[in-house]
> 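So that we are looking at the same thing, I have put the structure below in structure tokens.
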Amino acid sequence: MRQIARAIASSFFEDFKRSSPRKKAAIAACIVVFVLLIWSLLRSDGGPPGLSAEQVGLSPLSVIDDTGTKWELDLITGQPLARIASSGKKPGPPLLIKVDVRQTGRQDVSIGLTIEGQAGERYMAGVIKNGQREPEPKFRIVHELGRELADGRFEYG
């Protein structure tokens, strides 16, 4: 597949080198328009202009427990505000914690955590206690027969 992609790219650049200045300008303009279009689509949340997190009811979650400790969860930036607004549900608890497991190498696995509110909004996995982010949580992977297979710490970011 890489060889095919290289051959196509090589052919394109050879043709581009031999093109007239006018054709080069037209191709460059098309590339700029394409990049700007992709950039705007990636930045867009699909909602009406001016829709804000506050209008949708999004805010970090915060609670003070019986001992006076303040616990917080920050929102992930760049959320699809239109989808959250149209869910018909109020952002916030109950929260669903999802685990995303992907194989990243021959023997390496990536385990990610997602915290999602009832309207589909997402929160950062790191908990803030009294204004300070808590250390990354530890984990253990245990075989169904009880034998520990691996342990470690999650990494933020």
> Between Ser110 and Gln103, is there a side-chain heavy-atom distance shorter than 4.5 Å?
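Counting from C-beta outward, Gln103 and Ser110 never come under 4.5 Å.
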> What closest approach, in Å, do Pro91 and Leu58 show between heavy atoms, and which atom pair accounts for it?
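Where Pro91 meets Leu58 most closely, the heavy atoms are CB-CD2, 3.7 Å.
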> Going by heavy atoms in the side chains, are Gln118 and Lys90 under 4.5 Å from each other?
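Gln118 reaches Lys90 side chain to side chain.
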> What's the spacing between Glu121 CD and Ile115 CD1 if we round to 0.5 Å?
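Reported value, rounded in 0.5 Å steps: 11.0 Å.
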> Taking atom CZ of Arg140 and atom CG of Leu149, what is their separation to the nearest 0.5 Å?
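These two atoms lie 10.5 Å from each other.
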> ring-ring contact (aromatic ring centres under 6.0 Å, His included): which pairs involve residues 86-144, sequence neighbours left out?
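Checked against ring-ring contact (aromatic ring centres under 6.0 Å, His included) - neighbours excluded - the pairs reaching residues 86-144 are Phe139-Phe154.
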> Do Ile141 and Asp151 touch side chain to side chain, with heavy atoms closer than 4.5 Å?
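A side-chain contact under 4.5 Å is absent here.
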> Quick one: does Leu95's side chain get under 4.5 Å of Leu73's, heavy atoms only?
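When only atoms from C-beta onward are counted, Leu73 and Leu95 do touch, with a gap below 4.5 Å.
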> Check whether any side-chain heavy atom of Lys70 sits under 4.5 Å from a side-chain heavy atom of Glu72, and report yes or no.
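In short, these two side chains touch, coming nearer than 4.5 Å.
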> Quick one: list whatever passes side-chain contact (heavy atoms from CB on, under 4.5 Å) with Asp108, sequence neighbours left out.
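Once residues adjacent in sequence are excluded, the partners of Asp108 under the side-chain contact (heavy atoms from CB on, under 4.5 Å) criterion are Thr104.
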> Any heavy-atom pair between the side chains of Thr69 and Asn130 that's under 4.5 Å?
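Asn130 reaches Thr69 side chain to side chain.
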> With the side chain counted from C-beta on, respond yes when Arg122 and Thr114 share a heavy-atom pair under 4.5 Å apart, and no when they do not.
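Answer yes - side chains close enough.
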> Could you tell me whether Arg133 and Asp74 have a side-chain N and a carboxylate O separated by less than 4.0 Å?
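Looking at Asp74 together with Arg133, the answer is yes, because their closest N to O distance falls below 4.0 Å.
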